[in-house]
2 protein chains.
Amino acid sequence: MNTVIRVWSGSQVTRDSAPAPDRAMQPLTRPHIVAAGLRLLEREGAAGLSMRKLAGELGRAPAAVYRHISNKRELLSLLFDEVSRQIVVPDAGGDPRTVVLEAAQSAHRTMEEHGWIAAGMLDGELPGAASLRLAEFILDVLVRNGMSDVQAARLYVALWQFLVGHLVAAAGVPGCPSPGPVARPGDGDGDCPTVRRVAPLIERMSDQERFTTGLRLLLDGAFAEPRAPRAGTAAEEEVPVSRPAPGAAE
Amino acid sequence: MNTVIRVWSGSQVTRDSAPAPDRAMQPLTRPHIVAAGLRLLEREGAAGLSMRKLAGELGRAPAAVYRHISNKRELLSLLFDEVSRQIVVPDAGGDPRTVVLEAAQSAHRTMEEHGWIAAGMLDGELPGAASLRLAEFILDVLVRNGMSDVQAARLYVALWQFLVGHLVAAAGVPGCPSPGPVARPGDGDGDCPTVRRVAPLIERMSDQERFTTGLRLLLDGAFAEPRAPRAGTAAEEEVPVSRPAPGAAE
DNA sequence: ACCTGAACACCGTTCAAGT
DNA sequence: ACCTGAACACCGTTCAAGT
């Protein structure tokens, strides 16, 4: 197994030790606000985060927060950044397939701890500065191991979309643990024999499995493509301007 | 190219022709409500759907809706069902990889038309009865072509999660078209040379490409695994790692 | 059975006014 | 510069009361 190193230089906010229990009348700062937001999310979940409650948590009037943050979206963006800063990536050496798999799993683990992220994805401009480091790491490993920029871009986009989808699907209804991708065949819906047979297998899959098996398929697919044998500078084929897919009616 | 057939028996609600312009005092029905909901979504987008506006659209008091529907989640569920009913699947014959690809693309196309779906994913129990038909179709094709139930289940879950992730990532901030998986390297964030180089490639990818290339990777990965030889008919050759033309795929 | 009016307990955000 | 009080324009949902 690879040594685990931290890719970030240290978080300015820790969830457990708030900057201070909001004493006397120290003026608010963004770190105060971010910390309070994380506390609120941890305590009440995604639905519990409101600008008003946040202000309450900080002991101020709701309007006070707006002196330091322009709206709720910016708040979500800051919170997401704080979480992505905690993503840990493996050592870059070794089999690239394994390294990328571990990096993705690490991102998955970190974000999964924060169920609200899935909900935040939809109205925050979440892919912020901190997640750049993860992108840099993955793209760099791929390219350094012979993928063209285009191949790396494609795989990275696919990985990201898959991660987002997994988080959203796993979060599902805020309360329920995981509705899964298929509902149980109900009464009125013509019989779906295959679904009926396979559904239990799906329901039995753990969250980890749902993520990792898909991840493996993506990586298998990507690494099955021919790559350049060696590379320091992987300038290769130029992107051939996407043509419409051969058999696809689109 | 495959003949396109409808897998559903007909929608009881059409978006364009509402059941009636809400005349005199016909009692409300669920189809009325679903139709009004779709009208509202089309006109005002995901953020424009509220129980109060829905009631307004129907010419009733807000409370009236609750006689027919128990809450907003159920409404979203019904709306999602109505949309999934419109998914068209290809003919089941032919290369399974292509058939599944086309089915997924079809689902993508249908859901993409309804940007609100991504938002609804998070607080509706969306995978309802209608999407069972799609699941049945895909699982059936996979198993009929030699995949084990477990293999089929895994690929299906991966496809679903990827679709969800794509929709959410593509929907992004309600207003903005597509923030994409990486933000532009900003000022303060240490230089990320690879991201800086690759980001333009990612931004240049169309929505279709972002979906289809990932889909292909998943299918490549899944069909690279050994499967049982027999299918319904004759020699289904052991797939020797499908290779899409190097960089010239698409 | 179906609907209305009015209310309850919330939202995000703005803005004049205070210190 | 930073904060408060009060307001604006909304939410989802409930419930007694009407017909």
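Numbered from 1 within each chain, the chains take letters A, B, ... in sequence-line order. Because the structure is predicted, anything quoted here is derived from the model rather than measured.
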For Arg43(A), side chain to side chain donor-acceptor pair (under 3.5 Å) partners two or more places apart: Glu57(A)
Residues which pass side chain to side chain donor-acceptor pair (under 3.5 Å) with Ser50(B), listed by chain and number, not counting sequence neighbours: none
Atom-to-atom span, CG of Leu54(A) to P of dT13(C) - whole angstrom: 12 Å
Euclidean distance, atom CZ of residue Arg52(A) to atom P of dT13(C) [Å, nearest integer]: 11 Å
Between C1' of dT13(C) and OH of Tyr66(A), the distance in whole Å: 5 Å
Phosphate OP1/OP2 of dG12(D) contacted by Ser50(B) side-chain N/O (<4.0 Å): yes
With Arg67(A) via side chain to side chain donor-acceptor pair (under 3.5 Å) - residues at least two apart: none
Pair pattern of DNA chain D in dot-bracket, where unpaired bases get dots and | marks partners in another strand, Watson-Crick or G-U under 3.5 angstrom: ||.|||||...|||||.||
Side chains of Gln86(B) and Thr110(B), donor plus acceptor under 3.5 Å: no
dA9(C) to dA9(D) separation - P atoms, rounded to the nearest Å: 23 Å
Integer-rounded Å distance: dG12(D) P and Ile69(B) CD1: 13 Å
Within residues 36-78 of chain A or reaching into it, pairs that qualify as ring-ring contact (aromatic ring centres under 6.0 Å, His included) - sequence neighbours excluded: none
Lys53(B) side-chain proximity, nearest of dG12(D), dA7(D), dC11(D): dC11(D)
With sequence neighbours excluded, residues passing side chain to side chain contact (heavy atoms under 4.5 Å, CB included) with Asn71(A): Arg73(A), Glu74(A)
What's touching nucleotides 1-4 of chain C from the protein side, N or O pairs under 3.5 Å?
from: dC3(C); atom 1: OP1; to: Leu28(B); atom 2: N; distance (Å): 3.2
from: dC3(C); atom 1: OP1; to: Arg60(B); atom 2: NH1; distance (Å): 2.3
from: dC3(C); atom 1: N4; to: Arg67(B); atom 2: NE; distance (Å): 3.4
from: dC3(C); atom 1: N4; to: Arg67(B); atom 2: NH2; distance (Å): 3.2
from: dT4(C); atom 1: OP2; to: Ala61(B); atom 2: N; distance (Å): 2.6

Separation of atom CD in Glu44(A) from atom C1' in dC10(C), rounded to whole Å: 13 Å
Donor-acceptor contact below 3.5 Å, side chain Arg30(B) vs main chain Leu78(B): no
Under the side chain to side chain contact (heavy atoms under 4.5 Å, CB included) test, residues paired with Ala158(A) that sit two or more places apart: Leu218(A), Phe162(B), Leu217(B)
Non-neighbouring partners of Thr212(A) that pass side chain to side chain donor-acceptor pair (under 3.5 Å), sequence neighbours left out: Gln105(A), Gln208(A)
Rounded interatomic separation in angstrom, taking CG from Asn71(A) and C1' from dT13(C): 9 Å
